[in-house]
*Asks:* 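My questions will all concern the structure given below.
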Amino acid sequence: MSSKPAGKATKKKLRVEDQVDLDENEPLLSQITGGMPSWLASLMLHLAAILALALWTLPLTSREPTALSSAEVDTEIVELNEEILDIEFQTEDTDLEETSELDVEVDLDTEIEIESLESSEAMTFEDTSLDLVDFSADIGMMEATPSSGSGMGVEGLSGRSAAGRRRMVRKAGGSRESEQAVDAALLWLARHQLPDGSWSFDHRYGECNGQCSHPGEKAKLRAGATGLALLPFLGAGNTHREGKYHDIVERGGAALVQMLKMTPDGATVIDKDVKGGPWMYSHGIASMALSEAFAMTGDETLRAPAQSLLAFTCNAQDPKGGGWRYQPRQKGDTSVMGWHVGALKSGYMASLQVPPIVVQRASYYLDTAEVDGGVGYCYNPYSPEPPKYSSTCSSIGLLCRMYMGMDQTNPVLQRGVERLLKYGPSKNNAYYNYYAAQVIYQFTGGEGPLWKKWNDKLRDQLVATQETEGHQAGSWTPPHKSHAQKSGGRLYVTAMSAMTLEVYYRLMPIYQKQATEGFDAQEEEADDKEK
């Protein structure tokens, strides 16, 4: 698509450790299927209708209809390969044209006083109060009603129940060790929660008292750190109502709600007061966390904050290009966009109001960011430099395409997945591993020889590199020169790695029939109780 703006070349290369051999003459899909409390007081205010949101139009492509659900594949049209492939990872490292440090243009004063982190008393949901907006009937918003058969409504979170988690770990290749690693990571995160219920990327305060190395520099991004720390707890089935860490989630969620502030465009996080780009990362992460908490519990006191965050997300979208970046309505980049599309998807699963035009614009952004005809994606399509394939951004783009309804049999999607499979997991980029694992899991349904080879490698690598001694036990040390080493530090890498190990049950497979089918009566009953 030569008429598209050029993308920006990235700064550093990601060292990808191994590759997987594929049969170029065999369809990729055939190869993959071969082995078969209350938070808030009464909400009083109403935000003005989002008029501009429904007025913009964009040229739409001829791709599959854009949606946040995805249709099931007619398995009769898929040619199955019954042979088990002999897949080997190459031993030599391969350099890719990939950045290991995201190009975030920020200028932050990262100094923060320890008193400011410890002075607040712990809150519970009853203590929080914030007037937010109820978007029950705003112009230009459409309430999503997820299909019960798509696996992408609230049913898409059913794997997080105790019964669902056990079943999906067995089915998709988790192990006792990988589940122990998740539990150890949650314990580390719980021990590094601050007295007021929040978290900081500079994790050295509170109980830690500097015992753990590699703090992150973005200490003022409290909402981003809090939302990111909450996500692995939610992914493992913990909510403010139930689970081993329900008290941690309750205090963390209450702290996160206290960090919200109203604007004419909806609710956003107080990280907005921080100079530079990461604020919009924090907003997307916070929106994901509160939407998931609402979807998992149905607690109506969460509806308003979650919906208000989504409203801000919609208003912050670039109305012409369809993306998100560092400031509202700024031309987008693929990395920031990934969190906001993830937030929209979480809102969809929670049956919150998702404007179709916002999803269509996001699809248009992806068209602009395409590399190699959609097989990959660049980081910044508006850079004057030629667009360059990024494995991390390609993972983000492909996952977004799946969320928007791209069919599993689409040859562009298949070639994009194939390229990631050839690269294999990385030893130094938790961001890439988090997104790429989701792409390959969703595409394969967590089955088949290609998923097994990818999963075995990444799963065992994460288990082997997790800290096991001292106060650092349960965390991951940021790899040398990785993009997270200075920015998010140990807390960031630990949260991302834990979520990667939760891939089996965080979201049910998109391209399969209702993933809860086949539960026996005891599992179904246990699942209902967990919900």
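Note: hydrogens, waters and symmetry copies are ignored here, and every other heavy atom, side chains too, is used.
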*Asks:* Which pair of heavy atoms, one from A498 and one from V182, lies closest together, and at what distance?
*Replies:*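 It is O-CG2, 4.2 Å.
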*Asks:* Nearest 0.5 Å please: distance from the CZ atom of R459 over to the CH2 atom of W454.
*Replies:*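 So the gap between those two atoms works out to 14.0 Å.
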*Asks:* Testing R222, Q258, Q193, R251 for side-chain hydrogen bond (donor to acceptor under 3.5 Å, both in side chains) with S198, which one passes?
*Replies:*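 Result for side-chain hydrogen bond (donor to acceptor under 3.5 Å, both in side chains) with S198: R222.
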*Asks:* Determine whether a donor-acceptor pair (N or O, by modelled atom type, separation under 3.5 Å) exists between the side chain of E467 and the backbone of W476.
*Replies:*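 Side chain of E467 to backbone of W476: no pair is present.
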*Asks:* Answer whether the closest heavy-atom distance between the side chains of I248 and L186 falls below 4.5 Å.
*Replies:*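 Answer no - side chains too far apart.
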*Asks:* Quick one: are R490 and S213 in side-chain contact, heavy atoms under 4.5 Å?
*Replies:*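 Contact flag for R490/S213 side chains = yes.
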*Asks:* Rounded to the nearest 0.5 Å, what separates atom CE in M168 from atom CZ in R165?
*Replies:*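 One finds 13.0 Å between CE of M168 and CZ of R165.
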*Asks:* Quick check: closest heavy atoms across T239 and M296, and the distance to 0.1 Å?
*Replies:*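 It is CG2-CE, 3.6 Å.
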*Asks:* What are the two closest heavy atoms between M402 and V439, and how far apart are they?
*Replies:*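 The answer is CE-O, 3.5 Å.
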*Asks:* So do H240 and L302 actually touch side chain to side chain, heavy atoms under 4.5 Å?
*Replies:*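 Yes, side chains in contact.
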*Asks:* Looking at every heavy atom in both A255 and G197, which two are closest together, and how far apart are they?
*Replies:*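 Nearest heavy atoms, A255 then G197: CB-C, 3.7 Å.
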*Asks:* Does the pair S200 and D202 meet the rule for a side-chain hydrogen bond (donor to acceptor under 3.5 Å, both in side chains), with working shown?
*Replies:* CA-CA 5 Å; S200 172; D202 186 348; 5.7 Å; no
*Asks:* Any side-chain heavy-atom pair from P232 and E502 closer than 4.5 angstrom?
*Replies:*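 Of all side-chain heavy-atom pairs linking E502 with P232, at least one is under 4.5 Å.
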*Asks:* OG of S178 to CG of L462: how many Å apart, nearest 0.5 Å?
*Replies:*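 Spacing of OG (S178) from CG (L462) equals 9.5 Å.
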*Asks:* With N433, which of S497, P425, S395 fulfils side chain to side chain contact (heavy atoms under 4.5 Å, CB included)?
*Replies:*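 Answer to the side chain to side chain contact (heavy atoms under 4.5 Å, CB included) test with N433 among S497, P425, S395: P425.
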*Asks:* What pair of heavy atoms forms the shortest contact from S426 to N429, and how long is it?
*Replies:*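 Nearest pair, atom of S426 first, then N429: OG-N, 3.3 Å.
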*Asks:* Before you tell me yes or no, could you show the steps for T477 and H214 under side-chain hydrogen bond (donor to acceptor under 3.5 Å, both in side chains), namely the whole-Å CA-CA distance, both residues' side-chain angles and the distance that decides it to 0.1 Å?
*Replies:* CA-CA 7 Å; T477 300; H214 293 81; 5.0 Å; no
*Asks:* Could you walk me through whether Y504 and K171 pass the side-chain contact (heavy atoms from CB on, under 4.5 Å) check?
*Replies:* CA-CA 8 Å; Y504 317 109; K171 174 180 179 292; over 6 Å; no
*Asks:* M280 and R325: side-chain contact (heavy atoms from CB on, under 4.5 Å), yes or no, with the steps?
*Replies:* CA-CA 7 Å; M280 286 302 290; R325 206 178 188 201; over 6 Å; no
*Asks:* Mind telling me whether Y431 and W339 have parallel, tilted or perpendicular rings, with 30° and 60° as the class edges?
*Replies:*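 Ring orientation, 0 to 90° scale: parallel.
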*Asks:* Taking the side chain as every heavy atom from C-beta outward, state whether L228 and W199 have any pair of such atoms under 4.5 Å apart.
*Replies:*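 Not touching, per the 4.5 Å side-chain cut-off.
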*Asks:* At what distance, to the nearest 0.5 angstrom, does CG of L507 lie from CZ of R160?
*Replies:*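 One gets 6.0 Å once the value is rounded to the nearest 0.5 Å.
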*Asks:* Any Lys/Arg nitrogen of E179 or R166 sitting under 4.0 Å from an Asp/Glu carboxylate oxygen of the other?
*Replies:*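 No.
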*Asks:* So L189 and Y245, do their side chains get closer than 4.5 Å, heavy atoms only?
*Replies:*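 Sidechains of L189 and Y245: no contact.
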*Asks:* C314 and L344: side-chain contact (heavy atoms from CB on, under 4.5 Å), yes or no, with the steps?
*Replies:* CA-CA 9 Å; C314 296; L344 292 175; 4.3 Å; yes
*Asks:* Main chain of H283, side chain of S287: is a donor-acceptor contact present, judged purely on distance under 3.5 Å?
*Replies:*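 Between the backbone of H283 and the side chain of S287 there is no qualifying donor-acceptor contact (under 3.5 Å).
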*Asks:* Pair E250, R241 - check salt bridge (Lys or Arg N to Asp or Glu O under 4.0 Å), show working.
*Replies:* CA-CA 8 Å; E250 181 176 15; R241 289 180 167 175; over 6 Å; no
*Asks:* Which ring pair (Phe, Tyr, Trp, His ring centres under 6.0 Å) pairs, counting each pair once, include a residue from residues 164-196, with sequence neighbours left out?
*Replies:*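 Matches after skipping sequence neighbours: W188-H192, W188-H203, H192-H203, H192-H471.
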*Asks:* Are any non-hydrogen side-chain atoms of N238 and H246 less than 4.5 angstrom apart?
*Replies:*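 The answer is no, as the side chains (C-beta and beyond) never meet within the 4.5 Å cut-off.
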*Asks:* Is the shortest side-chain N to carboxylate O distance from K220 to D271 below 4.0 Å?
*Replies:*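 Here K220 does not pair with D271 in a salt bridge, since their nearest N and O are not under 4.0 Å apart.
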*Asks:* Any side-chain to backbone donor/acceptor pair from Q472 onto C212? Under 3.5 Å, distance only.
*Replies:*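 No; zero donor-acceptor contacts below 3.5 Å.
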*Asks:* Does a salt bridge link D318 with R329, judged by any charged N lying under 4.0 Å from a carboxylate O?
*Replies:*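 No.
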*Asks:* Can you label the angle between the F443 ring and the Y511 ring as parallel, tilted or perpendicular, going by 30° and 60°?
*Replies:*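 If you compare the ring of F443 with that of Y511, the planes turn out perpendicular.
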*Asks:* Run M404 and V341 through side-chain contact (heavy atoms from CB on, under 4.5 Å) and show every step you take.
*Replies:* CA-CA 9 Å; M404 295 176 186; V341 171; 4.1 Å; yes
*Asks:* Between the side chains of R401 and S363, does any donor sit under 3.5 Å from an acceptor?
*Replies:*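 Checked: R401/S363 side chains pair up, N/O donor to acceptor below 3.5 Å.
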*Asks:* At their closest point, which heavy atom of P305 faces which heavy atom of T301, and how far apart are they?
*Replies:*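 Answer, listing the atom of P305 first, then T301: CD-O, 3.5 Å.
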*Asks:* To the closest 0.5 Å, what do you measure between CD1 (I285) and CG (L221)?
*Replies:*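 So the gap between those two atoms works out to 9.0 Å.
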*Asks:* Between atom OH of Y281 and atom NZ of K218, what is the distance when rounded to the nearest 0.5 Å?
*Replies:*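 NZ of K218 is found 11.0 Å from OH of Y281.
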*Asks:* Do Y441 and W451 have ring centroids that are under 6.0 Å from one another?
*Replies:*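 When the ring centroids of W451 and Y441 are compared, they turn out to be within the sub-6.0 Å range.
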*Asks:* Fit a plane to each ring of H340 and W324, take the angle between them on a 0 to 90° scale, and name the class: parallel (under 30°), tilted (30 to 60°) or perpendicular (over 60°).
*Replies:*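 Taking W324 first and then H340, their aromatic rings lie parallel (interplane angle under 30°).
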*Asks:* Are side-chain heavy atoms of L260 and L290 found at a separation under 4.5 Å?
*Replies:*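 Yes - at least one pair of side-chain heavy atoms lies under 4.5 Å apart.
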